[in-house]
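It should be emphasised that the depicted structure is a prediction, and the values quoted were computed from it without experimental measurement. Position 1 is the first residue of the sequence; numbering continues from there.
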Amino acid sequence: MDELMRQVDELYERAVFNGEYDGLPEADRALDAVEARLLLQRGRILHCRFLKSRVEPVEELAYFERAANLFRGAGDERGEAEALFWIGCFHQVVRDDNPTAVPFLTKAADLSRKTGDQLTLSYALRHLGIAAQMAGDHANARDLLEESTALRRTLNFTAGVAANLVGLIYLAIAQNRPDNARTLADEAATLAESVGAAQIVEQVEAARSRL
């Protein structure tokens, strides 16, 4: 964002002092990208507040939708993928509406694959896996969660790996594979504890209690 703002400053000065106004559309695109990133971050913070209060934040969805539109207009497919993921996440987590969420999550996965954004892809696959699990499609859910987990291991995203393993524990339980579930629970607990992810530790123990 600092680089974008320096770019805008330069284009401003070229227009004011040199009469070079042809750079103003480029300045607009840079400012759109900055605004989109700010909106995305505001929406994410509101999502955290929802996780604590379970009260739908009034502006969360609007922030994500505006960010997606701005990223799209700026030609930033990587940013657009991230914003689309959060739109899908909002519908799935906040509104419990998987039919609305899945197309956004799928588009986010497609764009993040295209742009090489493995972190956003891991999130999109995780939540597509959750949707499949909720629909009773355990085989597809497992494939999606395992792909997401493999990406997160590559990225050294330890807390994210542990979070995914929780989902795989429940799938193992649903598929009557208790030994696999116990192995997953042990690894998930170890990983979560190693990075101080207290909420994930609690989730692991809740899943373990189902065995």
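- We find the CG-CG distance between Leu4 and Asp9 to be 11.0 Å, quoted to the nearest 0.5 Å.
- Under the side-chain contact (heavy atoms from CB on, under 4.5 Å) criterion, Tyr12 pairs with Val16, sequence neighbours left out.
- For the pair Gly160 and Arg152, the tightest heavy-atom approach, listed with the atom from each and the gap, is O-NH1, 2.9 Å.
- Leu144 is connected to Phe85 through a chain of hydrophobic side-chain contacts under 4.5 Å among Ile, Leu, Val, Met, Phe, Trp and Tyr, so both are in one cluster.
- With sequence neighbours left out, the side-chain contact (heavy atoms from CB on, under 4.5 Å) criterion links Arg72 to Ala68, Asn69, Glu80, Leu84.
- Minimum heavy-atom separation, Val8 to Ala30: CG2-CB, 3.7 Å.
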Inset, instruction - Would you check, one step at a time, whether the test side chain to side chain contact (heavy atoms under 4.5 Å, CB included) holds for Leu46 with Phe50? - result: CA-CA 6 Å; Leu46 285 178; Phe50 166 78; over 6 Å; no
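- Rounding to the nearest 0.5 Å places CG of Leu191 at 9.5 Å from CD of Glu193.
- Counting heavy-atom neighbours within 6.0 Å of Gln199 CD, excluding the residue itself, gives a total of 12 or less.
- Side-chain contact between Val161 and Leu165 is present, with heavy atoms from C-beta onward closer than 4.5 Å.
- Salt bridge absent: Arg29 and Asp32 never bring a charged side-chain N and a carboxylate O closer than 4.0 Å.
- For the salt bridge (Lys or Arg N to Asp or Glu O under 4.0 Å) condition, the pairs that include at least one residue of residues 40-62, sequence neighbours left out, are Glu56-Arg95.
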Inset, instruction - With side chain to side chain contact (heavy atoms under 4.5 Å, CB included) as the test, would you mind laying out the steps for Leu125 and Arg113 before giving the verdict? - result: CA-CA 11 Å; Leu125 292 172; Arg113 282 189 197 278; 3.8 Å; yes
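- Summarising the geometry of Ala207 relative to Ile173, their closest heavy-atom pair is O-CD1, 3.7 Å, with the distance given to 0.1 Å.
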Legend entry - Test log, rule side chain to side chain contact (heavy atoms under 4.5 Å, CB included), inputs Arg126 and Leu145: CA-CA 5 Å; Arg126 167 183 165 79; Leu145 281 172; 4.3 Å; yes
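- The backbone N or O of Leu119 lies less than 3.5 Å from a partner atom in the side chain of Ser122, making a donor-acceptor pair.
- In the hydrophobic cluster analysis, where Ile, Leu, Val, Met, Phe, Trp and Tyr join through side-chain heavy atoms closer than 4.5 angstrom, Leu155 is grouped together with Tyr123.
- For the atom pair Leu121 CG and Lys114 NZ, the distance stands at 14.5 Å (nearest 0.5 Å).
- Between Ser148 atom OG and Gln118 atom CD the span is 11.0 Å, to the nearest 0.5 Å.
- Contact annotation: the side chain of Met5 approaches that of Leu31 to within less than 4.5 Å [non-hydrogen atoms, C-beta and beyond].
- Looking at Thr190, its side chain does come within 3.5 Å of a backbone N or O of Asp186 through a donor-acceptor pair.
- The shortest distance between side-chain heavy atoms of Ile87 and Leu61 falls below 4.5 Å.
- Of all the heavy atoms in Leu11 and Gly23, the pair that sits closest is CD1-O, 3.6 Å.
- Note on Phe90 and Leu111: same hydrophobic cluster, where clusters join Ile, Leu, Val, Met, Phe, Trp and Tyr whose side-chain heavy atoms are under 4.5 Å apart, directly or indirectly.
- Using a 30° and 60° split on the angle between ring planes, His47 and Trp86 fall in the perpendicular class, above 60°.
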Legend entry - Chi angles and distances behind the side chain to side chain contact (heavy atoms under 4.5 Å, CB included) call for Phe64, Leu39: CA-CA 7 Å; Phe64 293 144; Leu39 288 166; over 6 Å; no
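- Side chain of Gln92 to backbone of His127: a donor-acceptor contact under 3.5 angstrom is found.
- Placement of Leu128 and Phe157 within a single hydrophobic cluster is found when ILVMFWY residues are connected by side-chain heavy-atom separations under 4.5 Å, directly or transitively.
- Once rounded to the nearest 0.5 Å, the distance linking CG of Asn98 with OG1 of Thr100 reads 9.0 Å.
- Linking Ile, Leu, Val, Met, Phe, Trp and Tyr whenever their side-chain heavy atoms come within less than 4.5 Å puts Val102 and Phe104 in one cluster.
- By the neighbour-count criterion of 12 heavy atoms within 6.0 Å, atom CG of Asp96 is sparsely surrounded, having that number or fewer from other residues, nucleotides or ligands.
- Residue Gly88 comes nearest to Ala101 through the heavy atom pair O-CB, 3.2 Å, listed as atom of the first residue, atom of the second, then distance.
- Between Glu10 and Arg6 there is no salt bridge, since no side-chain nitrogen of the basic residue lies less than 4.0 Å from a carboxylate oxygen of the acidic one.
- Ala185 and Ile169 get closest at one heavy-atom pair: CA-CD1, 3.5 Å.
- With rounding to the nearest 0.5 Å, the separation of CG in Leu168 from CZ in Arg177 is 8.5 Å.
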